[in-house]
Undergrad: 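One structure coming up, written as structure tokens, with questions to follow.
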Amino acid sequence: MKQIYTIIKLIRIEHWIKNLFVFMPLFFNGSIGKIEIVLQTFFVFCSFCFAASSIYCLNDIRDVENDRKHKTKCKRPIASGAISVKNAVIIMIVLLFLSIFTLFFSKNAVKCAVIILIYYIMNVLYCFGLKNIAILDVILLSFGYVLRLIGGSFAGNIPLSEWIVIMTFLLSMFLALAKRKDDVLIMQKAKNGHSASKKHCTLFTRFYKPDSYAYYSHYDFLLHNVHSSK
């Protein structure tokens, strides 16, 4: 039972809620009550969940040494030794297989598979270094939510408006910036044992400033005004 709990902790099931974005096209299209479309979208939702959990395993495997030195991340399953790296790799592969297998139940399996593939490759690159590039990391995280939106659109054969795509991207960017601000504060307070260098911390501080929040949160208002003035 304890081992099951450890695996659940590793794959971060609580983060699966992020994948509910795939249902947004249904909600705004008024198709949320249509069982067939909801079921098709649910398959894509599950595929995103398994793919995301696979990426979480990869991320923890990559960062295991740094996590062991971190104040809170040292309690993660791999860093704490509760799950070996070898077993984590097996879990990662199984989750990736489940992500692909789930799409076989989707009517638009090919299109949805392309979206999942882009999402997975993007996050692999994120784990292998892109997450350390200021601004680009936030853009990639935000684009991940847009991919969820597109995946839901393909699953339910629902066209997306440019506004829902833009607003999803901006909302997710705002949330990502808020998280990065907390990361900056933690890095600045940490005296030692953190993987981030002083130079990197300075880059975060420079780009993730409070006035950046104001810019992104009001960007939709600016776009609306520009569109109305035409």
Side-chain angles (χ1 to χ4, degrees), residues 7-59 91-92 94-127 137-180 216-217 219-221 223-224:
I7 293 174
I8 290 174
K9 188 177 179 182
L10 172 66
I11 66 178
R12 299 185 185 48
I13 285 182
E14 70 275 10
H15 287 230
W16 285 7
I17 192 173
K18 299 175 183 177
N19 298 312
L20 289 175
F21 268 78
V22 300
F23 291 100
M24 283 183 63
L26 281 68
F27 176 79
F28 287 107
N29 183 259
S31 303
I32 200 68
K34 298 179 180 179
I35 303 300
E36 178 62 25
I37 296 178
V38 172
L39 183 61
Q40 290 296 316
T41 307
F42 177 73
F43 293 140
V44 177
F45 166 79
C46 291
S47 182
F48 266 109
C49 289
F50 293 136
S53 289
S54 178
I55 290 296
Y56 285 133
C57 292
L58 174 63
N59 181 73
I91 294 171
M92 178 187 73
V94 169
L95 287 168
L96 178 58
F97 172 79
L98 288 174
S99 177
I100 297 171
F101 177 75
T102 306
L103 290 177
F104 281 102
F105 296 98
S106 174
K107 290 183 178 179
N108 286 328
V110 176
K111 288 184 178 181
C112 294
V114 170
I115 295 300
I116 295 293
L117 180 62
I118 294 173
Y119 173 83
Y120 199 86
I121 293 175
M122 183 183 72
N123 278 281
V124 168
L125 294 175
Y126 179 87
C127 291
D137 65 328
V138 175
I139 292 175
L140 290 177
L141 289 173
S142 302
F143 187 60
Y145 286 94
V146 174
L147 288 176
R148 291 175 173 93
L149 196 70
I150 296 174
S153 172
F154 285 158
N157 280 318
I158 299 171
L160 293 175
S161 71
E162 64 272 20
W163 288 107
I164 190 174
V165 174
I166 291 172
M167 295 312 301
T168 298
F169 181 80
L170 294 178
L171 174 62
S172 55
M173 179 171 280
F174 179 87
L175 295 174
L177 285 170
K179 185 178 184 300
R180 285 298 178 263
Y216 287 112
S217 63
Y219 187 59
D220 60 314
F221 176 75
L223 281 175
H224 178 73

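Only a predicted model underlies this, so the values are computations on that prediction, with no experimental measurement involved.
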Undergrad: Mind listing the closest non-hydrogen atom pair of Ile37 and Gly156 along with its distance?
TA: CG2-CA, 3.7 Å
Undergrad: Quick one: CD1 on Ile100 to OH on Tyr120, what's the gap to the nearest 0.5 Å?
TA: 8.5 Å
Undergrad: Could you tell me if Ser31 and Asn29 have a donor-acceptor pair between their side chains, going purely by distance under 3.5 Å?
TA: yes
Undergrad: Short question: side chain of Thr41, backbone of Phe23 - any donor-acceptor pair under 3.5 Å?
TA: no
Undergrad: Is any side-chain heavy atom of Phe21 closer than 4.5 Å to a side-chain heavy atom of Val146?
TA: no
Undergrad: Do Val114 and Leu117 make a side-chain contact, defined as non-hydrogen atoms from C-beta onward lying under 4.5 Å apart?
TA: no
Undergrad: Grab the two heavy atoms, one from Lys107 and one from Gln40, that are nearest each other, plus how far apart they are.
TA: N-OE1, 2.8 Å
Undergrad: Main chain of Ile11, side chain of Ser53: is a donor-acceptor contact present, judged purely on distance under 3.5 Å?
TA: yes
Undergrad: Rounded to the nearest 0.5 Å, what separates atom CG in Leu141 from atom CZ in Phe143?
TA: 12.5 Å
Undergrad: Search all heavy atoms of Ile116 against all heavy atoms of Ala51 and return the closest pair with its distance.
TA: CG2-CB, 4.3 Å
Undergrad: Is the shortest side-chain heavy-atom distance between Tyr56 and Leu10 below 4.5 Å?
TA: no
Undergrad: Are the side chains of Leu147 and Met122 in touch, meaning some heavy atoms are under 4.5 Å apart?
TA: yes
Undergrad: In terms of ring plane angle, is the pair Phe105 and Phe101 parallel, tilted or perpendicular, where the classes change at 30° and 60°?
TA: perpendicular
Undergrad: When you compare the side chain of Tyr119 with that of Arg148, does any pair of heavy atoms fall below 4.5 Å?
TA: yes
Undergrad: Return the set of residues passing side chain to side chain contact (heavy atoms under 4.5 Å, CB included) with Leu149 (not counting sequence neighbours), or none when no residue passes.
TA: Met24, Pro25, Leu160, Ile164, Val165, Thr168
Undergrad: Taking C-beta and beyond as the side chain, do Leu171 and Tyr145 meet within less than 4.5 Å on heavy atoms?
TA: no
Undergrad: For the atom pair CZ (Arg12) and SG (Cys57), what is the distance rounded to the nearest 0.5 Å?
TA: 8.0 Å
Undergrad: To the nearest 0.5 Å, tell me how far Leu140 CG sits from Tyr126 OH.
TA: 8.0 Å
Undergrad: Please tell me if the side chains of Met173 and Phe169 come closer than 4.5 Å, counting only heavy atoms from C-beta onward.
TA: yes
Undergrad: Which heavy-atom pair separates Ala155 from Cys112 by the least distance, and what is that distance?
TA: N-SG, 4.0 Å
Undergrad: For the CG atom of Asn123 and the CG atom of Leu58, what is their distance to the nearest 0.5 Å?
TA: 9.5 Å
Undergrad: Out of curiosity, Ile55 CD1 to Ile121 CD1, how far, rounded to the nearest 0.5 Å?
TA: 10.0 Å
Undergrad: Check Leu96, Leu95, Asn19, Leu103 against Phe50 for a side chain to side chain contact (heavy atoms under 4.5 Å, CB included) and give me the one that passes.
TA: Leu95
Undergrad: Can you tell whether the side chains of Lys9 and Glu14 come within less than 4.0 Å, N to carboxylate O?
TA: no
